[in-house]
Amino acid sequence: MRLSQSLIPTLKETPAEAQIASHRLMLRAGLVRQMASGIYAWLPAGLKVLNKIAQIVREEQDAAGAQELLMPTIQSADLWRESGRYDAYGKEMLRITDRHERELLYGPTNEEMITAILRDTTKSYRDLPQIPYHIQWKFRDEVRPRFGVLRGREFLMKDAYSFDLDYAGALLSYKKMMLAYMRTFQRIGITAIPMRADTGQIGGDLSHEFHILAPTGESGVFYDAEFEAGDALGVGYEPAALEDFYDSMTTKYAATDEKHDLGAWAAIPDERKREGRGIEVGQIFYFGKKYSESMNYSVIGPDGAKLFPEMGSYGIGVSRLVGAIIEARHDEAGIVWPDAIAPFRVGILNLRQGDAVTGEICESLHAIFGADCLYDDREERAGAKFAEADLMGHPWQIIVGPRGAANGQVELKRRATGERFELPVAEAIAKVRG
RNA sequence: CGGGGCGUGGCGCAGCCUGGUAGCGCGCUUGUUUUGGGUACAAGAGGCCCCCGGUUCGAAUCCGGGCGCCCCGACCA
């Protein structure tokens, strides 16, 4: 992609409304534009990040045995009356009336709808277990939207729902999702820690929140340093491995300030105590038969008797993750994207636009990296290009100046560490490719 | 939902108190200059001053109403 032809409206100055780092940087780096309070348009670079995160989430959900589908954003009020949540949900739910005076709503979550779908399509115990999921926009009419996409009203969420025949099955689904989540966050390139949580609005009795560590996080978190060493990508879904993994996640201490237990905390050796701030980017729940019973969803068991499935639900805030990752990964100059989700893996900086030698090298690099690179081919000074590349946070920068170009050398800069290497073009390419 | 604040070119702001035909910096366009960390000079373009109503010879400015947005708190993927 050529920067001169792209729709990436970077800003030199910070818009007045943006208070926290991620919001400022998302606006300045041209990822989003606010369209209304808590409602954002995703511009090309922002959408690339969103899509890359969604793709990792999707791959890990699939690996855990979940199946993707897509439910609508608009739902019927009647569905919510079945579970009793239409009245219970309150003003956060955006209620809509159509031309025939039918009551609709913009979905804040999908337990009712997915239960209705399974109720219509699964009749026998042989049809379960199932873990359907989708990645869809949600709307919650927050009293006070803030922090950019971290607390928007419209947000993109992955929500999965598990349906099992009994408690043991439900617990297994829960454990699979826990592993899928840890694998997902690790692949994205951030540290996330599961913490025991209240079940809130959704109801139930087993739940974990996933917090990623960021100095500006909304909640205080306390955890055992051993979480930092975990490697979920090395864990598979075989029963024994899954069991061990789940135990290791749930027996170590981790809590938000709300649930902090001073007694248990005291038992941890001082050198393993970690305190910080966290941003919640996901939550998983087991809630049993709450919806299957209230919505009269049963399947016929092996003995011919009705059986109400055991359910759980599993959310990841995809759009929130974009903001949360930036909170965790930025410096004074701008964003420091993890490699896996950067909008562009590499930025190419032509320090002397119009020069035949630098131009030729840049064009060839551009041809090689294609959509994975952003070629700064603007008629700008070197300083401006450096500043924008740092702002946009490309993991790698290939800096092509007249000095080195004459000798076939370019400068490779690693955004995260600031390391620079003077290299022949071919070696720079190889290094970026890893 | 309680408390506070703000709406003036794309962005950041001044002007408003003490009405008199709108200004600064950045960005944008053109030219010259510069050429490795947001360059300098010059010439330009761009504004229903959030909306409606009122007061007045005259309203960005005063008065009334509305809408939008932000911040603090309570609440939340």
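Below, chain A is the first sequence line, B the second, and so on; all start at residue 1.
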Under the ring-ring contact (aromatic ring centres under 6.0 Å, His included) test, which residues partner A:Y174, sequence neighbours left out?
-> A:H208
NA contact type, A:A36, heavy-atom cut-off 4.0 Å: base, sugar-phosphate, or nothing?
-> sugar-phosphate
Counting only non-hydrogen atoms, which of residues 333-361 of chain A are less than 4.0 Å from RNA chain B?
-> A:L351, A:R352
Mark yes or no for a side-chain to base donor-acceptor pair under 3.5 Å between A:E380 and B:G38, with no hydrogen or angle criteria applied.
-> no
Closest-nucleotide 5' rank along RNA chain B - winner of A:Q19 and A:E209 = A:Q19
Candidates B:G37, B:G73, B:G38 - which lies nearest the side chain of A:R28 = B:G38
Phosphate-side-chain proximity, A:K12 and B:G27, N/O vs OP1/OP2 below 4.0 Å | yes
Could you tell me whether the side chain of A:H23 reaches within less than 4.5 Å of the side chain of A:L150, counting heavy atoms only?
-> no
Base B:G38 to side chain A:E388, donor-acceptor N/O within 3.5 Å cut-off = yes
Would you please confirm or rule out a distance under 4.0 Å between OP1 or OP2 of B:C72 and any side-chain N or O of A:R144?
-> yes
Classify the nucleic acid contact of A:T14 as base, sugar-phosphate or nothing, counting any heavy atom under 4.0 Å across all strands shown.
-> sugar-phosphate
ring centroid sep under 5.5 Å plus plane angle under 30, A:F155 with B:A77 | yes
For A:W396, what residues pass the ring-ring contact (aromatic ring centres under 6.0 Å, His included) criterion, not counting sequence neighbours?
-> none
Give a yes/no answer on whether the side chain of A:K385 brings an N or O atom under 4.0 Å of OP1 or OP2 in B:G37.
-> no
Output the single nucleotide from B:U39, B:C70, B:C11 whose closest atom is nearest the side chain of A:R381.
-> B:U39
Taking B:G10, B:A77, B:G36 as options, the one with an atom nearest any side-chain atom of A:M157 is B:A77
Taking the side chain of A:E17 as heavy atoms from C-beta outward, which of B:G10, B:C1, B:C70 is closest to it?
-> B:C70
When you match A:E142 and A:G401 each to their closest nucleotide on RNA chain B, which lands nearer the 5' end?
-> A:G401
B:C69 and B:G12: how far apart are their P atoms, nearest whole angstrom?
-> 16 Å
Phosphate oxygens OP1/OP2 of B:C70: is one of them under 4.0 Å from a side-chain N or O of A:S37?
-> yes
Kindly assign one of parallel, tilted or perpendicular to the pair A:Y375 and A:H366, based on the angle between their ring planes and the thresholds 30° and 60°.
-> tilted
Could A:R415 and A:D331 be called an ion pair, given the rule that one side-chain N must be under 4.0 Å from one carboxylate O?
-> yes
Decide if the gap between the ring center of A:F369 and the ring center of A:F344 is smaller than 6.0 angstrom.
-> no
